[in-house]
Amino acid sequence: MLTKEQWAQVESDLSHPYCPVKLRCDDHEITLKVEREKGLRFVVSVYVDGWIKGEWFKGEPEHVRKFWRERCSFLWKPKARAEAAKKLKQRGLPKDVRDWYRGVAEKKTSPMWGPHWPNAKALCRHLRKTCTSIERIQAEA
């Protein structure tokens, strides 16, 4: 495992673009790069064994769930969810109406996994939780 100072160095290296960091995590080599996503927004991309494959977005391989970020969103807007939660508190609602309001308040899209993280701190925190062995691979000069 990396020390606190080494984690700080990884986060520092990922604070600006064009400085990739390579780590060996649980028998996989992951490459972390800061890349432009859209417009002037930068994200940290995670390449597993040098690849980002389209079939991994469903999250079927276990290593994808370990290194990538799970994303899902609510089906309804916050205003509709708040109104449905308020209606659920009322007494005497028929079961089918109650089930419909519960669906409006709680239903989400099916999860998707993506290789992009909003910042290095969130990624490092996730890696510390999910990986049993982590070591930094030094770049060859």
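In this chain, residues are counted from 1 in sequence order.
The distance from atom NZ of Lys33 to atom SG of Cys19, rounded to the nearest 0.5 Å, is 11.5 Å. The CG atom of Leu2 lies 9.5 Å from the CG atom of Leu127; values are rounded to the nearest 0.5 Å. Between Asp13 atom CG and Gln9 atom CD the span is 4.5 Å, to the nearest 0.5 Å. Note: Met1 CE to Cys131 SG = 7.5 Å, rounded to the nearest 0.5 Å. Arg36 contributes atom CZ, which lies 6.0 Å from atom CZ of Phe42 (distance to the nearest 0.5 angstrom).
Shown here for Leu14 and Ala120, the closest heavy-atom pair between the two residues is CB-CB, 3.7 Å. The heavy-atom pair separating Thr130 from Asp26 by the smallest distance is O-OD2, 4.1 Å. Ala84 approaches Tyr101 most closely through the heavy-atom pair CB-O, 3.5 Å.
In terms of modelled atom types and a separation under 3.5 Å, the side chain of Thr109 and the main chain of Ser73 share a donor-acceptor contact. Arg71 places no side-chain N or O within donor-acceptor distance of the main-chain N or O of Met112, the cut-off being under 3.5 Å. Between the side chain of Arg102 and the backbone N or O of Ala105 there is no donor-acceptor pair closer than 3.5 Å.
Other residues, nucleotides and ligands place no more than 12 heavy atoms under 6.0 Å from the CD atom of Glu62. Within 6.0 Å of CG in Asp27 there are 12 or fewer heavy atoms belonging to other residues, nucleotides or ligands.
By the side chain to side chain donor-acceptor pair (under 3.5 Å) test, Glu106 pairs with no residue at all, sequence neighbours left out. His126 is linked by a ring-ring contact (aromatic ring centres under 6.0 Å, His included) to Trp117, counting only residues two or more places apart in sequence or in another chain. In this structure Glu35 satisfies the side chain to side chain donor-acceptor pair (under 3.5 Å) test together with Ser45, Tyr47, sequence neighbours excluded. For Lys22, the salt bridge (Lys or Arg N to Asp or Glu O under 4.0 Å) partners two or more places apart in sequence, or in a different chain, are Glu29. By the side chain to side chain donor-acceptor pair (under 3.5 Å) test, His28 pairs with Asp49, sequence neighbours left out. Qualifying side chain to side chain donor-acceptor pair (under 3.5 Å) partners for Arg98, counting only residues two or more places apart in sequence or in other chains: none.
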- Item | Pair Trp68-Phe57, ring-ring contact (aromatic ring centres under 6.0 Å, His included): steps then yes or no | CA-CA 9 Å; Trp68 283 12; Phe57 283 86; 5.3 Å; yes
- From CA spacing to verdict: side chain to side chain contact (heavy atoms under 4.5 Å, CB included), Trp100, Asp96: CA-CA 6 Å; Trp100 188 81; Asp96 56 340; over 6 Å; no
- Task: Test side chain to side chain contact (heavy atoms under 4.5 Å, CB included) on Glu11 and Ser15 and set out the steps.
- Result: CA-CA 6 Å; Glu11 289 179 19; Ser15 65; over 6 Å; no
- side chain to side chain contact (heavy atoms under 4.5 Å, CB included) evaluation trace for Leu23 with Ile137: CA-CA 5 Å; Leu23 300 173; Ile137 301 171; over 6 Å; no
- Message: For Val21 and Arg136: C-alpha separation, side-chain torsions, deciding distance, then whether side chain to side chain contact (heavy atoms under 4.5 Å, CB included) applies.
- Response: CA-CA 8 Å; Val21 173; Arg136 185 163 183 175; 3.9 Å; yes
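The hydrophobic cluster containing Leu32 does not contain Tyr18, counting ILVMFWY residues as joined when their side-chain heavy atoms lie under 4.5 angstrom apart, directly or transitively.
Two residues are said to be in side-chain contact when any heavy atoms from C-beta on lie closer than 4.5 Å; Val34 and Val43 fail this criterion. Inter-residue side-chain proximity for Lys121 and Cys124 is flagged as unmet; no heavy-atom pair is nearer than 4.5 Å.
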